[in-house]
Amino acid sequence: MDMKKIESKWQRKWEEEKLYSFNKKNIDKKFYCLEMFSYPSASKLHLGHWYNYGLTDSFARYQKMKGYEVFEPMGFDAFGLPAENYAIKTGIHPETSTLSNIETMEKQLKAMGAMFDWDAEIKTCMPDYYKWTQWLFLKLYDRGLAYRKAAPVNWCPKCQTVLANEQATEGVCERCGTQVIKKDLTQWFFKITDYAEELLNGLDGLDWPEKTKLMQKNWIGKSTGGEILFRTESGESFRVFTTRADTLFGVSYVVLAPEHPLVKKIMTKDREKDVLAYIEETAKQNEIDRLSTTREKTGVFTGAYAINPANGKKVPVYAADYVLYSYGTGAVMGVPAHDERDFLFAQKYGLPVNVVVKNPSGDESLPYCEDGVLTDSGEFDGMTSAEARKAVLARLASEEKGGEKTNYRLRDWLVSRQRYWGAPIPVVHCPKCGIVPVPYQDLPVLLPKDVEFRPDGESPLAKCSSFMNVKCPCCGGDAKRDPDTLDTFVCSSWYYLRYPDNKNDEMPFDPEIVNKMLPVDRYVGGPEHACMHLLYARFITKALRDMGYLKFDEPFRALTHQGIILGPDGYRMSKTRGNVVSPDTYIDAYGSDVFRLYLMFGFDYTAGGPWDDNGIKSIAKFVDRVERIVTKVNGYIPEKEYVPDKDAKDLLFAQAYCVKNVDRNMSDFSFNTAVARLMEFVTAIYKYDGLPNKINAVLLKAIDTLILLLAPCTPHFAEELWEMRGNDQSVFLSPYPVCDEAALAKDEIELAVQINSKVKCKINVSKDADDEAVKAAALADETFSKILGGKQIVKCIVVKGRLVNFIVR
RNA sequence: GCGGACAUGGCGGAAUUGGCAGACGCAUAAGACUAAGGAUCUUAUGAGGCAUUUCUCGUGCAGGUUCAAGUCCUGUUGUCCGCACCA
């Protein structure tokens, strides 16, 4: 079959007939199938695109045939760093390159033969989309969920520019190799932490991979403990967060994060030089260095002392970079006897090690980090760690020196980017009125086209005076726009809401439509988004719900992660390694259906694996084999009034078995086994056709069933075969085959017979034989009794439909 | 360092969730058809035991639970992924 020809033939027909446009009349049967949209890159569609989009499309086609009104939209996450970097290098405007890339990708995606509803397409870099991204920002601002605070950025002193983490690996600028430093800028944050508890609890009800839920759970990182107030001698105070309040009497020092504002306040004159040097040194550390546990702990004494609120003891205050300003209170108490890190720190700086928790086993080696029994802790002596944690915090609470506290690892979401190619932050800074949100009717704040984005120390937009200078919407006086753009994760945090109502210019979406179309019934994308994107989208959904726009709590009811297709050498494909496999050569040689079918068959979908050439040949052979039998059988004139014989019953069994399994496998993304069952069915059809005088309705029905089952996997090919069979409408308008359970029922079933749990022989028994009958049948079996050889049976276990196990002595 | 996942023939991978390990395919071998076969069809194919109506071993390694373990538990090794030293 000429695959190229039939591909374009059917793609044209599908488009003409609008076969895949969502019909709103059937909204009550909707199935929203969403693939993570893609970044419009300059290179062609790669294997990963095919693997994600092609196979999920097969899943969507399966759902369509199951009777759902499928909504499968596609779009582009079109803002972002690469286009801007490309522009800096080549001088080509990000909009030009992005839109041209989108055009190329659209063509290729259409050639894939997926049922994307292109009427619903969105491009996040277009004003009709980012207008609503800005709307979202303002809504969050109105609700107090967007706020500004100082936060460090990676700064290259030579390039005079902010760097993304990926541009500052190993602590140096990727462009010039200069040591990257941290610089504080006032930036916008979304208060995702307000939703920490709900984001955590909501995971339970989701049909998501367990490991993804676990990763989000760890990312949110709830920990219950307490906050304890320490006071310095000079009268300043600060809180520490601890999960081990039971060790409070063992504190021998406290540590502030070097960025903690109090450090500079409380340091003594004689320590000033050392402390400032240390703070500067810390600013140079990139996160990865600071994360390394193998690195020696460093710190600096501030010269100040704090009072332990439990026992009034004076302890030194240190600044050390193993404490993070962003977590908890940015301050911790040091208990060297009962914490690994504190122990090392104390050894290095000669600090006392006070044992306050005894190991019940009597072992006195330190540090002892488990729970135990309190000692040297005043009134709390003799309590267990668990009791003491409560009691200590209760006493502190009564004295207003602390209390119980739940902390989350989750940080607020920093959304400011000092970049050009993104949605402008719709805020005006007025010298009189301060921060003034742009009025809703003035949206979108258009991204100016004529901007110098080569780095020279300022945000690209900051240099664009026509953009920056505005009248304050509040007082009408001269004011400046915010020069930053929004993180692209903001664009992708709500796009699934825009698809169903993408042309709405009154609202980002009509709540009435969206509340019917959402949540997404199946979301498919890479596991790399487990924590960031998926968490942001969940947060935005909940925030919009609380504003009254949405009536559901979670955006994605079910989630599947596809695996990664590796190079033939087993490594991740990369240009530097030279192991990149391009889909194009295979598609040219075999067609897109064969390519798709191989991707289905050759891998465990969620695991992925190395690419293998031989596999695709075998799939091409299989497709030929199907074509041959369909062509052959198509000429048959079936025998009239045929009564199925034993052979026909075997074929009917094979058919029912195939339908049942393929149906289940397709719904589970278990594509490889679905294809395996189809192969078996084809073999059964060949076998039947090979017998004499078998031209009858059973055979023709089997052929049609095969085409229907195959349709989601090889859409063009199946359409062509379906047409050959004399059908005049699309195969995708036919219902999915239903398993004939009666054909599956066998009167007799085979059981394995075990002696001492080892299979010795097989017996056939009636399908509804009870345990006693099974046992009797086994004992009556000649082969079995010979093997048993009169040994004494101690016990007999019957597993219905599977086996019978005799335990003998 | 912490967290998570994974480990099954020569290879990709199955295994109805504790019940006959190796489905399906690749590769390999033999045969059939043929002028020819890199097409097609049939058969065989975990390892071993002088070998086929018999047995032994076998799911990274070492233990354990169970009538029964690839599957559950403990320990261990290796590979991959994520990370914000999380107090």
Side-chain angles (χ1 to χ4, degrees), chain A residues 209-212 214-215 217-219 221-223 225-226 240-245 247 255 287-295 297 320-335 338-342 344 407-411 527-528 530-532 564 566 570-572 598 601-604 606-607 609-619 621-622 624-625 628 660-661 664-665 670 672-680 683 686 690 750-762 783 786-787 794-808:
Chain A
E210 285 306 318
K211 71 166 189 179
T212 308
L214 195 60
M215 279 166 82
K217 195 179 157 195
N218 291 337
W219 188 267
K222 181 176 181 172
S223 79
V240 302
F241 176 70
T242 180
T243 53
R244 292 297 305 272
T247 64
V255 189
E287 302 239 319
I288 290 153
D289 274 352
R290 223 168 135 172
L291 284 176
S292 168
T293 42
T294 49
R295 196 178 60 129
K297 306 276 169 278
D321 64 5
Y322 75 89
V323 176
L324 301 182
Y325 186 49
S326 58
Y327 180 74
T329 57
V332 302
M333 59 189 208
V335 187
H338 306 297
D339 184 278
E340 209 71 59
R341 263 180 338 221
D342 298 350
L344 293 171
N407 241 333
Y408 299 90
R409 290 203 317 163
L410 185 69
R411 299 177 192 167
E528 66 272 19
C531 291
M532 318 261 284
I564 301 166
L566 306 170
Y571 292 99
R572 200 181 258 268
Y598 171 57
F601 181 61
F603 309 87
D604 165 352
T606 57
W611 174 261
D612 173 29
D613 263 16
N614 288 317
I616 194 161
K617 284 180 204 149
S618 74
I619 290 294
K621 257 163 62 175
F622 168 70
D624 278 346
R625 200 166 137 84
R628 278 199 310 276
K660 187 175 184 141
N661 284 287
R664 196 182 53 221
N665 294 160
S670 189
N672 52 351
T673 52
V675 178
R677 300 291 87 80
L678 286 167
M679 288 171 164
E680 286 168 349
T683 303
Y686 263 88
E750 191 186 64
L751 292 188
V753 184
Q754 297 181 331
I755 294 177
N756 290 342
S757 307
K758 287 193 174 164
V759 179
K760 295 294 175 183
C761 64
K762 309 278 170 83
T783 324
K786 215 159 69 185
I787 299 166
V794 185
K795 197 173 169 186
C796 172
I797 297 140
V798 178
V799 182
K800 200 160 166 45
R802 297 205 191 276
L803 54 79
V804 51
N805 186 7
F806 292 93
I807 310 305
V808 306

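When reading the values below, keep in mind they use all heavy atoms of this one structure, side chains included, and skip hydrogens, waters and symmetry mates. Each chain gets a letter, A, B and so on, in the order the sequences are listed, and its residues count up from 1. Because the structure is a prediction, the values reported are computed rather than measured.
When the side-chain nitrogen and oxygen atoms of A:S223 are compared with OP1 and OP2 of B:A87, one or more of them lie within a distance under 4.0 Å. Taking only side-chain nitrogens and oxygens, A:K758 never comes nearer than 4.0 Å to OP1 or OP2 of B:C67. In this structure, A:R625 does not reach the B:A39 phosphate: none of its side-chain N or O atoms is under 4.0 Å from OP1 or OP2. For A:N672, a side-chain nitrogen or oxygen approaches OP1 or OP2 of B:A14 to under 4.0 Å.
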Could you pull out the protein-nucleic contacts involving nucleotides 3-5 of chain B (nitrogen or oxygen on both sides, under 3.5 Å)?
residue	atom	partner	partner atom	Å
B:G3	O2'	A:N218	ND2	2.6

Under 3.5 Å, N/O pairs linking protein and nucleotides 24-34 of chain B:
residue	atom	partner	partner atom	Å
B:G25	O2'	A:S618	OG	3.2

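Remark: the A:N407 side chain and the A:S223 side chain contain no N/O donor-acceptor pair separated by less than 3.5 Å.
Out of B:G13, B:C67, B:C86, the shortest distance to the side chain of A:Y327 is found at B:C86. Comparing atom distances between the A:L324 side chain and each of B:C41, B:C86, B:A14 picks out B:C86 as nearest.
Partners of A:F806 under the ring-ring contact (aromatic ring centres under 6.0 Å, His included) rule, at least two apart in sequence or in another chain, are A:F784. In this view, A:R409 satisfies the salt bridge (Lys or Arg N to Asp or Glu O under 4.0 Å) rule with no residue, not counting sequence neighbours. Partners of A:R625 under the side chain to side chain contact (heavy atoms under 4.5 Å, CB included) rule, at least two apart in sequence or in another chain, are A:R628, A:V682, A:T683, A:Y686.
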| remark: A correct dot-bracket answer for RNA chain B, with pairs being Watson-Crick or G-U at under 3.5 Å, [ ] for crossing pairs and | for inter-strand pairs, is (((((((..(((......[....))).(((((.......))))).(((......)))..(((((..]....))))))))))))....
